[in-house]
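Below is one structure, written out as structure tokens, with a few remarks after it.
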Amino acid sequence: APQFREVLRRERTSRWEGDVHFCHFYQSDGRCFYSNWEGEGEGESDWEGVDNYDKGIHTLGLLLDLDSGTLSVYQNGQKVGTLKDGLAGVYCWSACFIVRIGGSVTMERGYDVIDA
């Protein structure tokens with residue numbers, strides 16, 4: 001994210017809150033990293049549910065719940081766990097999708113999931 005840090009920092013408003021402004025989730029192994037745009041407070045999220053994450057399942061969903069301040073991961077429509085909590089303020093979605101053979105990404109408003 002360092003290459004985007006300066007661009008996004010220029011867009012900062014008073015509506016930015018909290019100390020997490022960026023989460024990066026690796027579908028390949030279930031790791032999640034987070035940071036603020038100041039380059040401080042960077043770390044790896046030791047999220048509850050990582051042991052239930054199946055890297056062989058390629059239908060993946062991420063739910064940013066602004067009411068509860070959480071980012072959760074879903075596989076095949078079922079919640080696996082919460083990647084990060086304590087999120088506050090304004091957020092913007094972005095996705096980077098890297099595959100060896102084919103694939104697609106869609107972003108939708110709302111959700112059709114089953115909480116574990």
Side-chain angles (χ1 to χ4, degrees):
Q3 65 270 27
F4 302 113
R5 188 173 286 150
E6 286 305 314
V7 172
L8 291 169
R9 284 179 64 194
R10 285 193 294 268
E11 302 297 322
R12 186 177 195 117
T13 71
S14 62
R15 298 182 339 171
W16 284 24
E17 300 175 28
D19 59 0
V20 176
H21 302 130
F22 173 81
C23 289
H24 186 114
F25 178 73
Y26 287 90
Q27 182 269 338
S28 60
D29 60 12
R31 292 181 302 148
C32 178
F33 295 90
Y34 61 91
S35 177
N36 64 28
W37 289 124
E38 303 302 322
E40 303 164 359
E42 297 178 354
E44 183 172 356
S45 178
D46 185 23
W47 58 281
E48 186 176 332
V50 68
D51 294 332
N52 298 323
Y53 181 77
D54 184 347
K55 64 183 179 181
I57 296 177
H58 299 290
T59 302
L60 178 72
L62 295 174
L63 175 64
L64 177 60
D65 185 332
L66 296 175
D67 292 329
S68 66
T70 58
L71 177 64
S72 300
V73 64
Y74 290 77
Q75 289 185 303
N76 290 335
Q78 294 203 322
K79 184 176 179 179
V80 178
T82 300
L83 298 172
K84 197 72 183 136
D85 60 8
L87 304 177
V90 176
Y91 283 87
C92 176
W93 273 107
S94 67
C96 177
F97 191 65
I98 302 170
V99 295
R100 293 193 175 122
I101 302 173
S104 66
V105 171
T106 59
M107 291 185 188
E108 298 177 10
R109 204 172 184 96
Y111 52 90
D112 184 19
V113 297
I114 303 167
D115 281 334

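- By the 4.5 Å heavy-atom criterion applied to side chains, W47 and V73 are counted as neighbours.
- Residues passing the ring pair (Phe, Tyr, Trp, His ring centres under 6.0 Å) test with F33 are Y26, sequence neighbours excluded.
- Side chain of S45 to backbone of L83: a donor-acceptor contact under 3.5 angstrom is found.
- Contact record, F25 with C32: CD1-CB, 4.2 Å, taken as the closest heavy-atom pair.
- The side chain to side chain contact (heavy atoms under 4.5 Å, CB included) check on D54 picks up I57, Q75, with sequence neighbours excluded.
- The structure places CG of L87 at 6.0 Å from SG of C23, a figure rounded to the nearest 0.5 Å.
- L64 is listed as a side-chain neighbour of L66, based on a closest heavy-atom distance under 4.5 Å.
- For D67, there are no side chain to side chain donor-acceptor pair (under 3.5 Å) partners two or more places apart in sequence or in a different chain.
- The CG atom of L60 sits 12.0 Å away from the OH atom of Y74 when rounded to the nearest 0.5 Å.
- Taking CG of D29 as the reference point, atom NZ of K55 lies at 7.0 Å (rounded to 0.5 Å).
- The side chain to side chain contact (heavy atoms under 4.5 Å, CB included) check on T70 picks up D65, S68, S72, T82, D85, with sequence neighbours excluded.
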